[in-house]
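One structure below.
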There are 2 protein chains.
Amino acid sequence: MENSLRKELRDLPPSDPAVERLVEETIGRVADKWTMLLIEILTENECCRFGELARACTGISQKMLTQTLRAMERDGLVTRTVYPVVPPKVEYRLTDLGLGLSKAFCGVWLWAEANFGAIEQARKDYAEKQNQK
Amino acid sequence: MENSLRKELRDLPPSDPAVERLVEETIGRVADKWTMLLIEILTENECCRFGELARACTGISQKMLTQTLRAMERDGLVTRTVYPVVPPKVEYRLTDLGLGLSKAFCGVWLWAEANFGAIEQARKDYAEKQNQK
DNA sequence: CCCCATACTCTCTTTTTGGTCAGTATAATT
DNA sequence: AATTATACTGACCAAAAAGAGAGTATGGGG
């Protein structure tokens, strides 16, 4: 309908199936809770140490944090700067690529912010409907 | 910086931590490969039967398809209409909530479409850097 | 001499996820 | 009477993800 972004996307390529698969893979890789959270945190304070991220990212385990950051570094979303001091000091910040993704995610954050209540309601309705049967 | 959407989001609520958690949960729930794919398919042809979705969603197993669709129904993203005929006929379509999410995802699709090459390149560079050490 | 701090890494175990395959209901078709 | 079609459900099993907890390196402070 008036979904111009979607239209824009649809019109761009002749939907090469190989490209499509790559795009899907990319999304599968990037659309993950911790990645999204870390990107948000790094958008708000553009330079963070490991420990800061660990504190800001409530509930994440050290292992997951390391793992997620490594993957993000590998994919060019963040830079990792190691200062050869003791105790160690490592700084993370978004690359331009990461910043672009951050902007792309905005719409989803806003949607979630605006609609989590509706989802909760839908769940209640669904549960009730199930019980009636 | 000039990231107005992000700014908008930041300015909306006084960042209630409980709300924040709910938003994160919502995103964690919704930012999943199959959900995103199904939403895209249902955006393009607004009414689909189970079998059509199975064919359009290459690689998905019946089990995952059922599971994902049920979760989407429970969360109010799609409606499921059962026609009591033989053989069975079930139609799925996006709700307004689902359509909203589809629009929110647009930015991410476009980003992925535009940048999967950059990610691939970043991976190559990273691998090379690792090999040098 | 011992402990602290930081940013990890490694191992072990548990949990979650997802795939495969078999089964179901029943009207229409052969 | 057997087969087909559709949209599932359930059992079982393998693989992957994730948590917990211990270990590591080392300069500076007490």
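Numbers restart at 1 for each chain; the letters A, B, ... are given by sequence-line order, proteins then strands.
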Specify the separation, in whole Å, of atom [atom1] of [X] and atom [atom2] of [N].
{"X": "A:I60", "N": "C:dC8", "atom1": "CD1", "atom2": "C1'", "result": "14 Å"}
{"X": "B:L65", "N": "C:dG19", "atom1": "CG", "atom2": "P", "result": "11 Å"}
{"X": "A:K33", "N": "D:dA17", "atom1": "NZ", "atom2": "C1'", "result": "14 Å"}
{"X": "B:M64", "N": "C:dT17", "atom1": "CE", "atom2": "P", "result": "9 Å"}
{"X": "B:Y92", "N": "D:dA7", "atom1": "OH", "atom2": "P", "result": "8 Å"}
{"X": "A:E52", "N": "C:dA5", "atom1": "CD", "atom2": "C1'", "result": "15 Å"}
{"X": "A:Q62", "N": "D:dG23", "atom1": "CD", "atom2": "C1'", "result": "12 Å"}
{"X": "B:Y83", "N": "D:dA5", "atom1": "OH", "atom2": "C1'", "result": "18 Å"}

Residues B:W111, A:V23; criterion side chain to side chain contact (heavy atoms under 4.5 Å, CB included); working and verdict: CA-CA 9 Å; B:W111 179 89; A:V23 171; over 6 Å; no
Would one find a side-chain N or O of [X] under 4.0 angstrom from OP1 or OP2 of [N]?
{"X": "B:T66", "N": "D:dC8", "answer": "no"}
{"X": "B:R70", "N": "D:dC8", "answer": "yes"}
{"X": "A:R49", "N": "C:dA7", "answer": "yes"}
{"X": "A:R55", "N": "C:dT6", "answer": "no"}

What nucleotide, of [options], holds the atom closest to the side chain of [X]?
{"X": "B:V90", "options": "D:dA7, C:dT6, D:dG19", "result": "D:dA7"}
{"X": "B:F50", "options": "C:dG18, D:dC8, C:dT9", "result": "D:dC8"}
{"X": "A:V86", "options": "C:dG19, D:dT26, C:dT6", "result": "D:dT26"}
{"X": "B:S61", "options": "D:dT6, C:dG19, C:dA7", "result": "C:dG19"}
{"X": "B:K63", "options": "D:dG27, D:dA7, D:dC12", "result": "D:dC12"}

Once you round to the nearest 0.5 Å, how far does SG of A:C48 lie from CD1 of A:I41? 7.0 Å
B:T68 side, atom OG1; B:L53 side, atom CG - distance, nearest 0.5 Å: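 Reported value, rounded in 0.5 Å steps: 10.5 Å.
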When the nearest nucleotide of DNA chain C is assigned to A:G51 and to B:Q67 on a heavy-atom basis, which residue is associated with the more 5' position? A:G51
Between B:E25 and B:R21, is there a side-chain N and carboxylate O pair less than 4.0 Å apart? yes
Would a distance-only check, ignoring hydrogens and angles, find a side-chain to backbone donor-acceptor pair under 3.5 Å from B:T66 to B:Q62? yes
